[in-house]
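Note sheet for the following structure.
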Number of protein chains: 2
Amino acid sequence: MLERIHLEILNAIKDHGTLTKAADSLYLSQSALSHSIKKLEGQIGTAIWKKEGRNLRLTAAGERIQTLANRVLPQFSHTELLLNQIAKGEMGSLRIGMECHPCYQWLLRVIQPYLLQWPDIDMDVKQEFQFGALGALLNYEIDVIITPDPLFKPKIDYIPVFDYEHRLVVSATHELAKQDFVLPEQLSDEVLFTYPVEPQRLDIFSQFLMPAKCSVKKHKLIETTEIMLQMVAAGRGVCALPGWLVDEYAKTMPIKSLRFGEKGIAKQIFVGLRKDEQNIDYFKDFIAQAKKTK
Amino acid sequence: MLERIHLEILNAIKDHGTLTKAADSLYLSQSALSHSIKKLEGQIGTAIWKKEGRNLRLTAAGERIQTLANRVLPQFSHTELLLNQIAKGEMGSLRIGMECHPCYQWLLRVIQPYLLQWPDIDMDVKQEFQFGALGALLNYEIDVIITPDPLFKPKIDYIPVFDYEHRLVVSATHELAKQDFVLPEQLSDEVLFTYPVEPQRLDIFSQFLMPAKCSVKKHKLIETTEIMLQMVAAGRGVCALPGWLVDEYAKTMPIKSLRFGEKGIAKQIFVGLRKDEQNIDYFKDFIAQAKKTK
DNA sequence: ATTAATCAATGAGTTTTGTTCATGGTTAGT
DNA sequence: ACTAACCATGAACAAAACTCATTGATTAAT
């Protein structure tokens with residue numbers, strides 16, 4: 001069978017002219033190369049070179065092998081380089097799965113310095129999953145998951161990276177804007193905007209409205225945070241978002257946020273990863289960076 | 001060092017799922033593969049796979065190697081095939097892919113003297129491709145492509161081999177036969193025959209009718225040049241073909257050709273081949289012969 | 001809950017392959 | 001003709017790759 005060594009030999013002959021020098025460059029004896037090619041010739045049934053004077057001239061077969069060598073050897077060494085980087089932990093990929101729509105802005109701030117620190121790490125952010133982000137993590141489609149509600153599994157570890165309060169957002173001119181907090185029944189006449197996910201996964205339902213057996217006048221689905229807040233600012237309805245996010249938008253938009261109930265809804269963002277990958281440097285650093293970013 | 005066998009192993013695992021089956025497919029023992037990879041792991045300093053349950057899962061390093069395998073192994077086997085052919089005295093093969101229906105007649109004239117000159121070259125002409133002729137070229141299914149519209153790729157070189165004019169063909173008794181050239185609007189009441197390919201790939205549409213926002217009364221698809229011209233000769237419609245081809249048929253059929261617009265549509269036929277194979281003698285000669293043939 | 005089956009890892013022993021050494025033959029330059 | 005530069009070859013040795021037999025882990029079946 002045609003092996004890498006055969007390609008290396010022909011390549012070295014191309015570079016150094018003679019078999020002897022080629023042998024030196026490969027740290028082998030001239031005899032070794034000669035034997036090696038002789039054997040291959042026996043296998044493929046045709047000569048690879050012929051002696052011409054005291055040098056070698058490649059046959060058609062030899063030229064074919066050389067063409068293959070030119071194409072293929074650089075790829076071998078490139079891969080070996082990459083493997084080396086991987087071994088040193090300098091390289092790899094960080095595929096992030098997001099299960100938290102509004103966290104995207106926060107993630108951008110995490111990623112920015114991280115990319116500078118790990119220039120050779122290939123990064124990718126995914127937001128849609130056929131079998132859920134957790135499934136994707138277990139399936140090796142992603143490496144890291146960012147979620148506000150960790151679903152514990154034996155092979156996954158979650159690390160809390162920051163705390164925030166989930167708050168109701170209303171227009172600055174809304175009646176409720178005068179209050180510090182809102183009660184479930186005060187929403188019964190409101191239009192509520194949420195991201196398009198199942199209600200039981202929305203805290204405003206599971207932790208606020210449903211326990212009090214209240215509901216809203218209408219529930220509308222909106223995909224993007226910007227549009228959602230535009231609608232709220234225009235007084236068309238209310239929505240529920242992380243406090244820090246609202247604070248940011250409140251600088252430029254006529255919106256206000258208030259606590260859910262007297263105690264508010266406290267939330268945490270978790271980074272989840274596969275247990276056995278916890279001590280890989282560039283994963284650890286990602287978590288460190290995430291914890292640092294508010 | 002990363003060897004072909006390592007690539008074969010990862011490739012076989014991809015194909016057969018387990019190490020045991022992979023070993024069978026390579027006619028080796030499971031133990032051999034395990035040892036072989038273990039040794040490589042020691043050399044590169046990182047794991048290639050890890051056991052998960054009773055199966056294997058590739059690490060980042062393993063995936064790298066697999067990508068290399070995908071890229072490189074087909075090239076090895078392709079070269080081995082060629083070497084085999086050379087050994088059998090076939091000297092090599094020239095597999096021609098055609099992307100230009102009417103060029104077939106021309107190709108026959110190229111091949112005729114070429115076959116005499118290279119009696120040991122195995123020749124084959126293909127006209128249908130699952131992923132396009134270019135894909136076939138990149139995939140080593142063919143060695144040469146003949147096309148009027150070269151799609152430039154870094155690894156492919158195109159050499160123009162002859163110029164011709166794309167012309168409208170009408171029956172000798174057709175009104176238009178009196179004219180030297182035709183205008184787009186003059187076709188609005190005609191039946192147009194073309195080969196069954198997407199209209200945007202037909203020059204009569206992309207370079208003549210569509211720019212003038214004109215169309216034809218009816219567009220019918222016909223597979224073969226002969227039948228197409230029979231239809232045109234019978235006054236059933238018009239078609240667009242290379243000038244030289246029409247000239248030939250016009251000797252025995254009542255047809256005439258005329259220019260598209262005042263300036264006509266100028267075309268070129270290109271021969272495309274893989275860059276690193278350009279200096280193989282029997283390829284060079286094929287191109288020389290193609291350039292010579294009008 | 002046992003048992004059986006599947007699958008990968010490991011160590012020892014054997015076979016195969018690769019390498020060197022020593023040598024001989026051929027060519028080109030002096 | 002002599003010498004230096006090359007490549008080929010065979011035998012001896014060294015290294016590697018491979019197999020066999022076993023172990024350990026996991027999963028599926030009874």
Side-chain angles (χ1 to χ4, degrees), chain A residues 1-59 61-63 65-66 76 138-140 153-156 274-276, chain B residues 1-59 61-63 65-66 76:
Chain A
M1 200 160 55
L2 203 46
E3 296 294 339
R4 180 174 181 181
I5 185 66
H6 302 124
L7 307 189
E8 299 278 7
I9 292 173
L10 289 213
N11 194 51
I13 287 176
K14 183 191 69 185
D15 290 349
H16 298 96
T18 76
L19 190 61
T20 312
K21 285 178 197 151
D24 286 348
S25 80
L26 294 171
Y27 303 104
L28 287 170
S29 67
Q30 168 267 129
S31 173
L33 307 207
S34 186
H35 280 301
S36 175
I37 295 295
K38 181 107 294 184
K39 186 182 170 193
L40 178 63
E41 288 179 335
Q43 287 169 354
I44 65 179
T46 185
I48 286 168
W49 62 50
K50 52 185 175 187
K51 262 182 94 161
E52 204 173 75
R54 53 182 176 190
N55 291 325
L56 303 175
R57 154 143 295 150
L58 296 193
T59 62
E63 271 172 16
I65 299 174
Q66 211 182 53
F76 270 90
L138 289 164
N139 238 344
Y140 289 80
K153 288 264 174 189
K155 292 187 175 175
I156 306 292
R274 289 181 288 271
K275 270 207 168 104
D276 50 8
Chain B
M1 201 160 51
L2 201 47
E3 297 294 338
R4 179 173 179 182
I5 186 64
H6 301 125
L7 307 190
E8 300 278 6
I9 293 173
L10 288 214
N11 195 50
I13 287 176
K14 182 190 68 183
D15 289 349
H16 299 97
T18 75
L19 190 60
T20 310
K21 286 178 195 151
D24 286 346
S25 80
L26 295 170
Y27 302 104
L28 288 169
S29 67
Q30 169 268 126
S31 172
L33 307 206
S34 187
H35 280 302
S36 173
I37 294 295
K38 181 109 291 180
K39 186 183 171 194
L40 179 63
E41 288 178 337
Q43 287 167 355
I44 64 180
T46 182
I48 288 168
W49 63 50
K50 54 184 174 182
K51 260 183 95 160
E52 201 175 82
R54 52 184 177 188
N55 292 324
L56 303 175
R57 159 146 268 142
L58 296 193
T59 61
E63 273 173 14
I65 298 175
Q66 209 181 52
F76 269 91

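So you know, we letter chains A, B, ... as the sequences are listed, proteins then strands, and number each from 1.
Atom CZ in R57(A) sits roughly 16 Å away from atom C1' in dT27(C) (whole-Å rounding). Whole-Å rounding puts the H16(A) NE2 to dA5(D) P distance at 17 Å. Between E3(B) atom CD and dG18(C) atom P the separation is 10 Å, expressed in whole Å. Atom CD1 of I13(A) and atom P of dA8(D) are 9 Å apart (whole Å). Atom CG of L56(B) and atom P of dA8(C) are 5 Å apart (whole Å). Distance, Q43(A) CD to dT17(C) C1': 11 Å, rounded to whole Å. Rounded to an integer number of Å, the gap from K38(B) NZ to dT10(C) C1' is 9 Å. When rounded to the nearest whole Å, the span between NE2 of H6(B) and C1' of dA17(D) equals 10 Å.
Closest approach to the S29(A) side chain among dC6(D), dA17(D), dT19(C) is made by dT19(C) (side chain taken as heavy atoms from C-beta onward). For A32(A), counting side-chain heavy atoms from C-beta on, the closest listed nucleotide (dA8(C), dT20(C), dC7(D)) is dT20(C). Here the nucleotide nearest the side chain of W49(A), chosen from dT10(C), dG24(D), dA8(D), is dA8(D).
Looking at heavy atoms from C-beta onward, L26(B) lies in side-chain contact with E8(B) at the 4.5 angstrom threshold. With contacts defined as side-chain heavy-atom distances shorter than 4.5 Å, the pair K155(A)/R274(A) does not qualify. You'll find the side chain of Q66(B) stays beyond 4.5 Å of the side chain of N11(B), heavy atoms only. Residues I5(B) and L28(B) are in side-chain contact: their nearest non-hydrogen atoms beyond the backbone lie under 4.5 Å apart.
Where H35(B) and N55(B) meet DNA chain C, the nucleotide closest to each residue was compared, and N55(B) sits on the side nearer the 5' end.
L28(B) comes within 4.0 angstrom of sugar-phosphate atoms only, judged by non-hydrogen atoms across all strands, and of no base. Among the heavy atoms of the strands lying under 4.0 Å from T18(A) are primed sugar atoms or P, OP1, OP2 only; no base atom is included. Heavy atoms of T20(A) sit under 4.0 angstrom from primed sugar atoms or phosphate atoms, though from no base atom. Residue I5(B) is out of contact with every strand shown, counting any heavy-atom pair closer than 4.0 Å.
Checked by distance alone, S31(A) brings no side-chain donor or acceptor within 3.5 Å of a matching partner on the base of dG18(C).
Each of L10(A), I9(A), T59(A) was evaluated against I65(A); a single residue qualifies, L10(A), per the side-chain contact (heavy atoms from CB on, under 4.5 Å) test.
At the phosphate of dT26(D), neither OP1 nor OP2 sits under 4.0 Å from any side-chain N or O atom of K51(B).
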